[in-house]
Amino acid sequence: MTASPSGSYLLRGTAAGGTLRFVGIEATDLVEEARLRHHLSKTATAALGRTLAASALLAVVLGKKSDSRVAVRVEGGGPVGWVVAEGSADGQVRGYVRAPGADLPPRESDGKLDVSGIVGTDGEVAVTRLLDNGEPYTGSVRLQSGEIAEDVSYYLGASEQIPNAVLLGVYEEKGQVANAGGLLVQAMPGVSDETLARLEANIKAMGQITDNLRRGGLLEVLNRAAEGLDLHLAPEAQAARFQCRCSREKASDSLKFFTGSERQEMIDEGGQEVVCHWCGEHYQITPDEIAALDAQEPRAQA
């Protein structure tokens, strides 16, 4: 691949004779869509954006199938509450935060967005995926920094026994997301100490991932991280997008969990609005649609 495609996308590759696996995501458009859908503050955008990128990368590394999904939940006791994202190996992601309007001023030390402050550090990061037998498995570790990248990296090493390096970043300018993305490097069996030392030096020399995205996009990130390690990229990029699995039918069906008298009250009030917490989509369910739910099953007792 010689040119970067438009929109958000994933790139995959190997280096050092196959002993390093690279997965990168250009996530600017999908993080901007998340910001708009959820009316996120500046710092909440950075927290959710990093987690969205992480979920997409983890879905590729931990997923067993092309449509495998991985959910990441970060909860550290900070003002934003919990941060949740779900990524699929086919490039679809969705996510939300508990308090989308929560915000903090930039850190005094370096002027960067205070993601750690808004997320908090007194909590855990939990990752849920499907095992080979189809059963869900959730692993969790204590938060290390609340900055998301370090926490996800620690999870992979401690819970999945996967040596790795993770970079995540969101840069906002003029009220919108200007650059967002992530990189996950997995050390494979047989990797040499010399290769790991070179990788570590490369990543240290890179600086902020968003600086590299601004200079040359995701290719710049991958090439800098794999400098001198003989990087081989897959020939095609994979499209990535913010995509929810909600629907009007699912929104309507959710009202089945209410009692018959509660649904009748919705009918009397002219219908019911259902909002998907994953994507912020609003569904206005009509009285006729609510009445049809009662026709499908015996009326529940109030």
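All values derive from a computational prediction rather than experimental measurement. Starting from 1, each residue takes its place in the sequence as its number.
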Name all residues meeting the side-chain hydrogen bond (donor to acceptor under 3.5 Å, both in side chains) criterion together with Ser254; count only those two or more places apart in sequence or in a different chain, and write none if there are none. none

Could you check if a side-chain atom of Gln272 sits within less than 4.5 angstrom of a side-chain atom of Arg263, using non-hydrogen atoms only? no

Min side-chain heavy-atom separation Glu160-Arg129 under 4.5 Å: yes

Contact between Tyr283 and Glu273 at the side-chain level, heavy atoms closer than 4.5 Å - yes or no? no

Would a 4.5 Å heavy-atom cut-off, applied to side chains only, mark Lys65 and Leu130 as touching? no

Could you check whether Glu281 pairs with Arg37 (Lys NZ or Arg NE/NH1/NH2 to Asp/Glu carboxylate O, under 4.0 Å)? yes

Note: with side-chain heavy atoms under 4.5 Å as the link, the other cluster members for Trp278 come out as Trp82, Val84, Tyr96

Does this structure show an ion pair linking Asp253 with Lys250, if we count only N-O contacts that are shorter than 4.0 Å? no

Partner residues of Ser41 under the side-chain hydrogen bond (donor to acceptor under 3.5 Å, both in side chains) criterion, sequence neighbours left out: none

Side chains of Ser88 and Asp90, donor plus acceptor under 3.5 Å: yes

Taking the side chain as everything from C-beta on, heavy atoms only, tell me whether Val166 gets closer than 4.5 Å to Ile148. no

Does the side chain of Gln92 pick up a donor-acceptor pair with the side chain of Arg245 at under 3.5 Å? no

The single option from Leu48, Leu40, Val177, Leu36 passing side chain to side chain contact (heavy atoms under 4.5 Å, CB included) against Val31: Val177

With sequence neighbours excluded, tell me which residues meet side-chain hydrogen bond (donor to acceptor under 3.5 Å, both in side chains) with Asn212. Arg215, Arg224

If you define the side chain from C-beta out and look only at heavy atoms, does anything of Val70 sit under 4.5 Å from Val61? no

Looking just at side-chain N and O atoms, do Asn179 and Thr28 make a donor-acceptor pair shorter than 3.5 Å? no

Using only heavy-atom distances, determine whether the side chains of Asp29 and Ser8 contain a donor-acceptor pair under 3.5 Å. no

Not counting sequence neighbours, list each pair that qualifies as a salt bridge (Lys or Arg N to Asp or Glu O under 4.0 Å) and has a residue in residues 141-155. Arg50-Glu147, Arg107-Glu147, Asp122-Arg142

Within a reach of under 6.0 Å around CD of Glu200, are more than 12 heavy atoms found that belong to other residues, nucleotides or ligands? no

Sequence neighbours left out, what passes side-chain hydrogen bond (donor to acceptor under 3.5 Å, both in side chains) with Glu32? Give chain and number order. Arg35

I'd like to check Arg94 versus Cys244 (side-chain heavy atoms, cut-off strictly below 4.5 Å). Are they in contact? yes

